[in-house]
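Here is the structure we will look at, set down as structure tokens.
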Amino acid sequence: MAMNYIWDLLIKAEDEGLSKKDINFHLAETYSPYMELSPQFLNTQLVEQHVEVNPYYRYFDIFNNLFHPDNTSDRAFREYLFDIVLHFLADIDRMQGMNKKEFFIRFILKDIEANVFGNVVRHNIRSFSKKEQEIVVLNMLRLYQTGDEIYLLKDTLKRLFKGCFIYVKSEEQDELLLYIRQKKTEQNEQKVQLIQEIFLPISFHLEVYWQYHFGIIDAEETMKLDRIALY
């Protein structure tokens, strides 16, 4: 489906890792009276950083006189003002369409950026995609409501690392063994560190195994030569 509204474009841009600051709105030189955005290709799904807009589609009363043909002065200033106002209107659009859950997600992400949860969380949250950030934040909200740290630790890991396994070893000490099928990378390590920082109880230790599972007696799949991690 083609993007037709300024808020729609900003959401798409964020999904692709762009900031609102990366998007610049400009008055379209030619445009359809039935569309707000005026992309070069009508059904494009690509996010352009310089976006032509028909402001009269929904905001005629606001922009009616801003670019009157007889007004030739301060063109650069008016274009700058145009961009600022459209960003403001797009934010209003999005807030009007947000539910309570989405507001909470925004508030917690702002707290993370403000270092409320510490340097590890603030730095490592950047390794997550927008959708992954929402998974983490929603489980943080559930943590405040239920206090069930271990369950939410497992749930978050399984949502972010498909096919992972978590084992609880508590005969001698509170210890969790985590197996992740993926290779150990800096980005994946940062994700696990953030999840530990938020959800792992202080008394617990988490041991992480990447790519190769540790051997389990009577579990043939874990006992293959050259594919066993030592425990």
Subject >> F117 vs I198, side chain to side chain contact (heavy atoms under 4.5 Å, CB included): CA-CA, chis, key distance, verdict >> reply: CA-CA 8 Å; F117 298 95; I198 294 173; 5.7 Å; no
Ignoring hydrogens and angles, tell me if any N or O in the side chain of [X] forms a donor-acceptor pair with the backbone of [Y] under 3.5 Å.
X: Q190; Y: N124; answer: no
X: E79; Y: H26; answer: no
X: R142; Y: D148; answer: no
X: R122; Y: N115; answer: no
X: D83; Y: Y80; answer: no
X: N4; Y: E36; answer: yes
X: N188; Y: K183; answer: yes
X: N54; Y: S32; answer: yes

Rounded to the nearest 0.5 Å, what's the gap from [atom1] on [X] to [atom2] on [Y]? Could you check?
X: L141; Y: I105; atom1: CG; atom2: CD1; result: 7.0 Å
X: I125; Y: E113; atom1: CD1; atom2: CD; result: 9.5 Å
X: L157; Y: L206; atom1: CG; atom2: CG; result: 7.0 Å
X: N139; Y: L152; atom1: CG; atom2: CG; result: 5.0 Å
X: E14; Y: R94; atom1: CD; atom2: CZ; result: 4.0 Å
X: Q49; Y: K21; atom1: CD; atom2: NZ; result: 14.0 Å

For [X] and [Y], work out which heavy atoms get closest and say how close.
X: L143; Y: F199; answer: CD2-CD2, 4.1 Å
X: M140; Y: I112; answer: SD-CD1, 4.5 Å
X: I23; Y: A13; answer: CD1-CB, 4.1 Å
X: A90; Y: L10; answer: CB-CD1, 3.5 Å
X: E132; Y: S127; answer: OE1-O, 4.2 Å

**OP:** Consider only side-chain heavy atoms of I, L, V, M, F, W and Y, link residues closer than 4.5 Å, and tell whether F60 and L81 are in one cluster.
**Re:**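 Hydrophobic grouping puts F60 with L81.
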Original post:
Is it true that V120 and F128 fall in one hydrophobic cluster, defined by side-chain heavy atoms closer than 4.5 Å?
Top reply: no
Original post:
Centroid-to-centroid, F82 to F67, below 6.0 Å?
Top reply: yes
**OP:** Before accepting this row, confirm whether a basic side-chain N of the pair K12/D8 lies closer than 4.0 Å to the acidic partner's carboxylate O.
**Re:**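 Result for this pair is no, no salt bridge flagged.
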Original post:
Any salt bridge between R106 and E102, counting N to O under 4.0 Å?
Top reply: no
Decide yes or no for [X] and [Y]: does some side-chain heavy atom of the first lie under 4.5 Å from some side-chain heavy atom of the second?
X: Y56; Y: L27; answer: yes
X: L176; Y: I150; answer: yes
X: I135; Y: K131; answer: no
X: R181; Y: F161; answer: no

Original post:
With under 30° as parallel and over 60° as perpendicular, where do the rings of Y59 and F63 fit, or are they tilted in between?
Top reply: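 The arrangement is perpendicular - the two ring planes meet at more than 60°.
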Subject >> Y5 and Y57 aromatic ring geometry - parallel, tilted or perpendicular at 30°/60° bounds >> reply: tilted
**OP:** Begin with the C-alpha distance, continue with both residues' side-chain angles, and end with the deciding distance and a verdict on side chain to side chain contact (heavy atoms under 4.5 Å, CB included) for I166 and L153.
**Re:** CA-CA 10 Å; I166 304 117; L153 173 77; 5.6 Å; no
**OP:** Applying side chain to side chain contact (heavy atoms under 4.5 Å, CB included), run through V136 and L160 and close with a yes or a no.
**Re:** CA-CA 9 Å; V136 173; L160 296 177; 4.1 Å; yes
**OP:** Could you tell me whether Y144 atom OH has more than 12 heavy atoms of other residues or ligands within 6.0 Å of it?
**Re:** yes
Subject >> Check against side chain to side chain contact (heavy atoms under 4.5 Å, CB included), L89 and I62 >> reply: CA-CA 11 Å; L89 292 171; I62 297 176; 4.1 Å; yes
